[in-house]
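Note sheet for the following structure.
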Amino acid sequence: MAFASLKGQLLLDNGRLQGSFFHRTVLLMCQHDPDGAFGLIINRSSGNSVGDALTANLPAQLKTQELFLGGPVQPQALSYLHTDDFLPDANVMSNLNLDHSLDNLVELGDSFSATQRIKVFAGYAGWSPGQLDDEMKRDTWLTHPASVELVFHSRPAELWPMILKQKGWKYRLIAQQPEDLSGN
């Protein structure tokens with residue numbers, strides 16, 4: 001059977017991950033091949049700004065940006081996604097690039113483009129070879145087409161229920177469950 005990569009797709013908690021780090025998360029799959037997978041949670045803020053976490057000499061517009069928790073692996077690791085109207089060498093999907101270089105981030109922050117957007121993450125989600133494929137077979141995750149608009153949604157905390165509600169009545173019920181079911 002041919003390998004089916006999830007790169008460029010969104011993975012959503014399908015309501016079965018309560019109590020885990022991934023409860024109610026939306027992940028962008030940045031890399032997925034037979035050697036493993038790498039993704040970033042796009043809907044969970046760290047509660048800090050980029051300037052709070054990085055001591056580098058960053059441009060002001062980067063320092064004030066919200067820092068996102070990319071996942072539980074290496075929480076000190078820097079990753080960022082950026083988009084612009086035309087990125088011919090985008091490595092995640094059309095017009096969306098992933099990078100880890102602080103120097104490149106500073107350079108992007110210093111450049112001027114009215115259409116450029118950057119989202120910075122601490123940590124990431126990683127899977128060993130075959131691990132994500134096994135989780136998909138166990139129906140742990142839902143998939144959804146990714147878009148630049150969803151990755152840079154203005155209200156990221158609302159992404160999980162918003163996307164689930166688009167998937168039909170069964171998922172609408174999951175999206176409307178209370179955060180803590182013990183009160184029922």
Just by modelled atom types, is the Ser49 backbone N or O under 3.5 Å from a matching donor or acceptor in the Asp52 side chain?
yes

Checking Leu58 against Leu102 for the side chain to side chain contact (heavy atoms under 4.5 Å, CB included) test, could you report, in this order, the C-alpha distance in whole Å, the side-chain angles of both residues, the deciding distance, and whether it holds?
CA-CA 9 Å; Leu58 297 170; Leu102 181 58; 4.2 Å; yes

Specify the closest pair of heavy atoms between Leu67 and Ala53, including all atoms of both residues, with the distance to one decimal.
CD2-CB, 3.4 Å

For Trp160, what residues pass the ring-ring contact (aromatic ring centres under 6.0 Å, His included) criterion, not counting sequence neighbours?
none

Using the six-membered ring of Phe22, assess whether NZ or CZ of Arg44 lies under 6.0 Å from its centre and within 45 degrees of the ring axis.
no

Give the cluster check for Leu142 versus Leu11: same hydrophobic cluster or not, with ILVMFWY residues linked at side-chain heavy-atom distances below 4.5 Å.
no

Distance to the ring centre below 6.0 angstrom and angle to the axis at most 45 degrees; does that hold for Lys119 and Phe68?
yes

Is there a donor-acceptor contact under 3.5 Å from the side chain of Asn43 to the main chain of Val26?
yes

Looking only at non-hydrogen atoms, find the nearest pair between Lys63 and Ala56 and report the distance.
CE-O, 4.4 Å

When you measure from the side chain of Asp99 to the backbone of Asn104, do you find a donor-acceptor pair of N or O atoms at a distance under 3.5 Å?
no

Report yes if the distance between the aromatic ring centroids of Phe38 and His100 is under 6.0 Å, otherwise no.
yes

With a 4.5 Å cut-off on side-chain heavy atoms, are Met136 and Leu6 touching?
yes

So which heavy atom on Gly8 is nearest to which on Ala146, and how close?
O-CB, 3.0 Å

Given the rule in the side chain to side chain contact (heavy atoms under 4.5 Å, CB included) test, do Asn48 and Glu66 qualify, once you have shown the distances and angles that lead to the verdict?
CA-CA 6 Å; Asn48 294 315; Glu66 186 174 17; over 6 Å; no

Decide whether Thr143 and Gln9 meet the rule of one side-chain donor and one side-chain acceptor closer than 3.5 Å.
no

Without swapping roles, check the side chain of Ser5 against the backbone of Lys7 for a donor-acceptor pair under 3.5 Å.
yes

Considering all heavy atoms, the nearest Leu27-Ala125 contact
CD2-CB, 3.5 Å

Output yes when a side-chain donor or acceptor of Asn97 lies under 3.5 Å from a complementary backbone atom of His82, and no otherwise.
no

What one should report as the nearest heavy-atom pair of Leu40 and Gly123 is CD2-O, 3.7 Å

Give me each pair satisfying side chain to side chain donor-acceptor pair (under 3.5 Å) with a member in residues 31-42, each pair once, sequence neighbours excluded.
Gln31-Asp33, His32-Asp133

Keeping Tyr80 on the side-chain end and Leu105 on the backbone end, is there a donor-acceptor pair under 3.5 Å?
yes

Same hydrophobic cluster for Val92 and Leu12, using side-chain heavy-atom links shorter than 4.5 Å among ILVMFWY?
yes

What is the distance from atom CE of Met162 to atom CZ of Arg155, rounded to the nearest 0.5 Å?
8.5 Å

Whether the side chain of Asp13 engages the backbone of Leu17 through a donor-acceptor N/O pair (distance < 3.5 Å, no angle test) should be reported.
yes

Residue Asp139 excluded, over 12 heavy atoms near CG under 6.0 Å
yes

Kindly indicate whether the side chain of His144, heavy atoms from C-beta on, has any atom under 4.5 Å from the side chain of Leu164.
no

Minimal non-hydrogen separation, Pro59 against Asp110, with atom names
CG-OD1, 3.1 Å

Is it possible for you to say whether Met29 and Leu98 belong to one hydrophobic cluster, with membership spreading through side-chain heavy-atom contacts below 4.5 Å?
no

Would you say the side-chain atoms of Asp84 and Thr115 include a donor-acceptor pair closer than 3.5 Å?
yes

Pairwise side-chain contact, Phe121 with Ile42, heavy-atom cut-off 4.5 Å (strictly under):
yes

Are the side chain of Gln131 and the backbone N or O of Ser128 linked by a donor-acceptor pair below 3.5 Å?
yes

Do Leu81 and Leu78 sit in one hydrophobic cluster, given that two such residues count as connected whenever their side-chain heavy atoms are within less than 4.5 Å of each other, even indirectly?
no

Indicate yes or no: at least one non-hydrogen side-chain atom of Pro161 is less than 4.5 angstrom from one of Gln176.
no

ILVMFWY cluster, Ile174 and Leu10 together (side-chain gap under 4.5 Å)
yes

I'd like to know whether Arg16 forms a side chain to side chain contact (heavy atoms under 4.5 Å, CB included) with Arg138, so could you lay out the CA-CA distance, the side-chain angles of the two residues, the decisive distance to 0.1 Å, and finally the verdict.
CA-CA 10 Å; Arg16 298 180 183 190; Arg138 290 193 313 267; over 6 Å; no

Hey, are Thr83 and Asn95 close enough side-chain-wise for a donor-acceptor pair under 3.5 Å?
no

Test side chain to side chain contact (heavy atoms under 4.5 Å, CB included) on Leu87 and Leu96 and set out the steps.
CA-CA 7 Å; Leu87 290 177; Leu96 185 65; 6.0 Å; no

Do Phe21 and Val73 come close enough that some side-chain heavy atom pair is under 4.5 Å?
no

